Amino acid sequence: MFNGLTLAAFLQEEQRLHGLSPDLAGVVEDMARAIKQIAHHVSQGALGDVLGSTDAVNIQGEVQKKLDVEANDIILRCHESSGRVAAMASEEMDSIYLLPIGERRGDYLLVFDPLDGSTNIDINLSIGTIFSILPCPRGVNEPREIDFLQPGRNQVCAGYAIYSQATVLVLTLGRGVHSFTLDRQIGEFFLVQRDLRIAPQGHEYAINTSNWRFWEPPIRRYIEECHAGETGPRGKNFNMRWMGAMVADCHRVLSRGGVFLYPRDLRDPNKPGKLRQLYEANPIALLTEQAGGVASTGRRSILDLMPQTLHQRIPVILGAREEVRLIEDYHLDPPLQSM
Ligand code: AHG
Ligand code: MN
Ligand code: MN
């Protein structure tokens with residue numbers, strides 16, 4: 001057995017040393033319980049009844065996979081009777097989820113992407129779960145959608161699980177980023193790395209280049225310069241990786257550096273990006289900043305932006321500080337703005 005701190009012991013330490021609220025610790029433990037259940041389903045693969053699609057389409061216009069729905073239900077069930085959350089919202093539900101009548105409402109709002117990287121489910125590649133915990137505004141007993149519309153800076157906890165060779169939980173409570181690996185046999189998460197840091201410079205990038213023709217000039221410029229490698233203006237070679245699951249691509253950035261981009265593109269003027277602010281961009285942005293990186297739309301810090309709707313989309317550029325700052329500089333370049 002791995003001889004490290006369990007997640008429960010880590011959360012107790014946070015309460016003792018940093019005054020972490022027991023209720024917030026409880027929400028994290030409930031989330032970890034949900035993640036273990038989802039990990040079990042994922043690990044069944046074709047032997048479980050979790051592959052393939054349902055007949056339903058979510059509010060994003062995407063066909064829901066069986067595992068999208070199953071993971072969503074698991075997370076709801078793990079939190080709705082805890083007395084610690086006041087309401088929940090997710091990628092797979094059109095509007096917010098109010099607790100069943102009679103359940104005590106707690107102090108937190110939970111927002112999540114139950115299954116990130118859905119197109120990877122049926123081909124046995126990495127997928128994940130992303131979550132964000134916000135304070136429920138004071139005096140609000142019956143939360144409404146507007147109560148969820150808070151900037152990412154308000155998050156009191158953010159994290160994700162990646163279901164891969166191992167199930168890994170990465171989280172921040174606002175004091176650094178810590179990573180836990182699930183011991184499947186005994187069902188416990190163990191702390192394996194404290195204080196993950198993203199190196200300020202990077203030489204690896206992740207972007208879906210099939211969208212090239214829709215990108216704005218600053219993004220084309222940055223990627224063109226990466227392609228040019230040591231013979232171009234950057235004077236160094238870059239490597240490219242794209243897993244097609246934000247969790248997996250950002251886990252690589254948190255683990256070994258580089259940048260992740262899902263920028264604004266011109267495919268649909270109503271969609272200023274693909275990723276959703278509340279349950280994809282914000283939690284990963286907080287983790288990135290807590291690890292010493294930068295998370296930006298190209299023009300502003302992601303965490304400062306006020307979401308307008310529950311399923312708001314937003315451009316995402318995050319990772320190595322100097323790379324993201326350079327991309328932001330390109331967005332300020334006037335000749336390019338007019339192209
Ligand atoms: P989800 O499966 O939750 O809908 O999210 C998919 C997102 C994100 O995880 C990933 O980075 C991106 O979509 C992949 O987009 P492409 O299909 O353009 O590769
Ligand atoms: Mn997602
Ligand atoms: Mn999803």
Side-chain angles (χ1 to χ4, degrees), residues 34-35 38 41-42 50-54 56-76 88-94 97 110-132 158-164 170 204-215 219 223 240-254 258-268 271-285 287-288 295 297 302 310-319:
I35 287 164
I38 298 168
H41 285 285
V42 169
V50 289
L51 302 189
S53 300
T54 67
V57 174
N58 68 14
I59 190 161
Q60 333 273 339
E62 300 158 347
V63 174
Q64 288 177 309
K65 300 276 187 180
K66 286 184 193 169
L67 205 55
D68 289 324
V69 176
E70 183 69 28
N72 194 69
D73 285 350
I74 288 172
I75 296 171
L76 294 178
M88 295 180 261
S90 116
E91 176 185 338
E92 303 303 340
M93 299 184 292
D94 298 3
Y97 181 85
L110 176 68
V111 198
F112 54 92
D113 175 355
L115 213 295
D116 177 67
S118 300
T119 54
N120 284 355
I121 296 171
D122 294 346
I123 53 172
N124 200 35
L125 294 183
S126 295
I127 50 181
T129 294
I130 315 176
F131 63 96
S132 159
Y160 63 79
I162 177 166
Y163 310 105
S164 195
V170 177
E204 201 161 57
Y205 64 94
I207 191 167
N208 183 347
T209 50
S210 70
N211 297 321
W212 176 280
R213 67 189 186 283
F214 304 115
W215 293 341
I219 299 298
I223 299 300
M240 198 288 286
R241 289 284 183 271
W242 185 251
M243 295 289 297
M246 184 190 197
V247 159
D249 284 309
C250 294
H251 186 65
R252 188 183 53 253
V253 169
L254 275 155
V259 283
F260 168 86
L261 306 94
Y262 215 118
R264 177 193 302 276
D265 67 43
L266 308 172
R267 264 177 293 186
D268 178 350
K271 291 182 184 169
K274 175 172 183 184
L275 299 173
R276 282 58 56 112
Q277 184 174 358
L278 281 172
Y279 42 82
E280 291 179 317
N282 280 350
I284 307 281
L287 290 161
T288 302
T297 63
I302 287 174
L310 208 51
H311 301 287
Q312 168 94 47
R313 293 175 194 257
I314 188 173
V316 174
I317 300 164
L318 56 79

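Atoms within each ligand, like the ligands themselves, are counted from 1 in listed order. Owing to the predicted nature of the structure, the values given are computational and were not obtained by experimental measurement.
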Open item on the list: One residue to check: Glu62. Relative to ligand 1, which of side chain, backbone, both or neither has a non-hydrogen atom less than 4.0 Å away?
Closed with: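 It is the side chain that touches ligand 1; the backbone stays farther off.
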Open item on the list: Just to be sure I read this right, does ligand 1 sit under 4.0 Å from the backbone of Asp116, its side chain, both, or neither, counting only heavy atoms?
Closed with: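 Both of them.
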Among all protein heavy atoms in this structure, tell me which lies nearest to [atom], with the distance rounded to 0.1 Å.
atom	value
atom 18 (O) of ligand 1	Tyr262 OH, 2.5 Å
atom 15 (O) of ligand 1	Lys274 NZ, 3.0 Å
atom 19 (O) of ligand 1	Trp242 NE1, 3.1 Å
atom 16 (P) of ligand 1	Asn208 ND2, 3.6 Å
atom 7 (C) of ligand 1	Leu275 CD2, 3.8 Å

Task: Number of protein N/O/S atoms that sit closer than 2.8 Å to the Mn ion (ligand 2) - done: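 Counting protein N, O and S atoms closer than 2.8 Å to the Mn ion (ligand 2) gives 3.
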Just by modelled atom types, is the [Y] backbone N or O under 3.5 Å from a matching donor or acceptor in the [X] side chain?
X	Y	result
Asn120	Ser126	yes
Asp68	Pro114	no
Arg313	Pro272	no
Glu280	Arg276	yes
Asp249	Ala206	no

Task: Proximity winner for atom 14 (C) of ligand 1, if only heavy atoms of Gly244, Ala248, Ala206, Gly117 are counted - done: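 Minimum heavy-atom distance to atom 14 (C) of ligand 1 goes to Gly244.
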Task: Heavy-atom proximity to atom 4 (O) of ligand 1, best of Glu91, Glu92, Lys65 - done: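 When every heavy atom of Glu91, Glu92, Lys65 is considered, Glu91 comes closest to atom 4 (O) of ligand 1.
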Any N/O of [X] closer than 3.5 Å to an N/O of ligand 1?
X	answer
Val247	no
Met246	yes
Arg276	yes
Asn211	no

Mind checking whether [X] has a heavy atom under 4.0 Å from ligand 1?
X	result
Asn120	no
Asp249	no
Glu280	yes

Identify, by atom number and element, the atoms of ligand 1 in contact range of [X], meaning under 4.0 Å from any of its heavy atoms.
X	value
Leu115	2 (O), 3 (O)
Asp113	3 (O)
Ser118	2 (O)

TODO: I would like to know whether Asp122 and Lys65 meet side-chain contact (heavy atoms from CB on, under 4.5 Å); could you show each step before the answer?
DONE: CA-CA 9 Å; Asp122 294 346; Lys65 300 276 187 180; 3.3 Å; yes
Task: Residue list, ring-ring contact (aromatic ring centres under 6.0 Å, His included) with Tyr279, at least two apart or on another chain - done: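 ring-ring contact (aromatic ring centres under 6.0 Å, His included) check on Tyr279 returns His311.
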- [ ] Report the residues that fulfil ring-ring contact (aromatic ring centres under 6.0 Å, His included) with Tyr205, sequence neighbours left out, ordered by chain and then residue number.
- [x]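 Partners of Tyr205 under the ring-ring contact (aromatic ring centres under 6.0 Å, His included) test: none.
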- [ ] Hey, can you tell me if Phe260 and Trp242 have their rings parallel, tilted or perpendicular (30° and 60° cut-offs)?
- [x]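 Plane angle under 30°, so parallel.
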- [ ] State whether the number of non-hydrogen atoms from other residues, nucleotides or ligands found under 6.0 Å of Asn124 atom CG is greater than 12.
- [x]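 It does not: Asn124 CG has 12 such atoms or fewer within range.
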Open item on the list: Pair Ile130, Val247 - check side-chain contact (heavy atoms from CB on, under 4.5 Å), show working.
Closed with: CA-CA 7 Å; Ile130 315 176; Val247 159; 3.4 Å; yes
Open item on the list: Return the CG to CZ distance between Leu266 and Arg213, rounded to the nearest 0.5 Å.
Closed with: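 That separation rounds to 11.5 Å.
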Task: Between Asn282 and Ser132: side-chain donor-acceptor atoms closer than 3.5 Å - done: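 No, no side-chain donor-acceptor contact under 3.5 Å.
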Task: Asn58 and Glu92: side chain donor to acceptor below 3.5 Å - done: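 Note: Asn58 and Glu92 side chains meet the donor-acceptor criterion.
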TODO: Mind checking side-chain hydrogen bond (donor to acceptor under 3.5 Å, both in side chains) for Thr297 and listing every partner two or more places apart, or none if nothing turns up?
DONE: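 side-chain hydrogen bond (donor to acceptor under 3.5 Å, both in side chains) check on Thr297 returns nothing, list empty.
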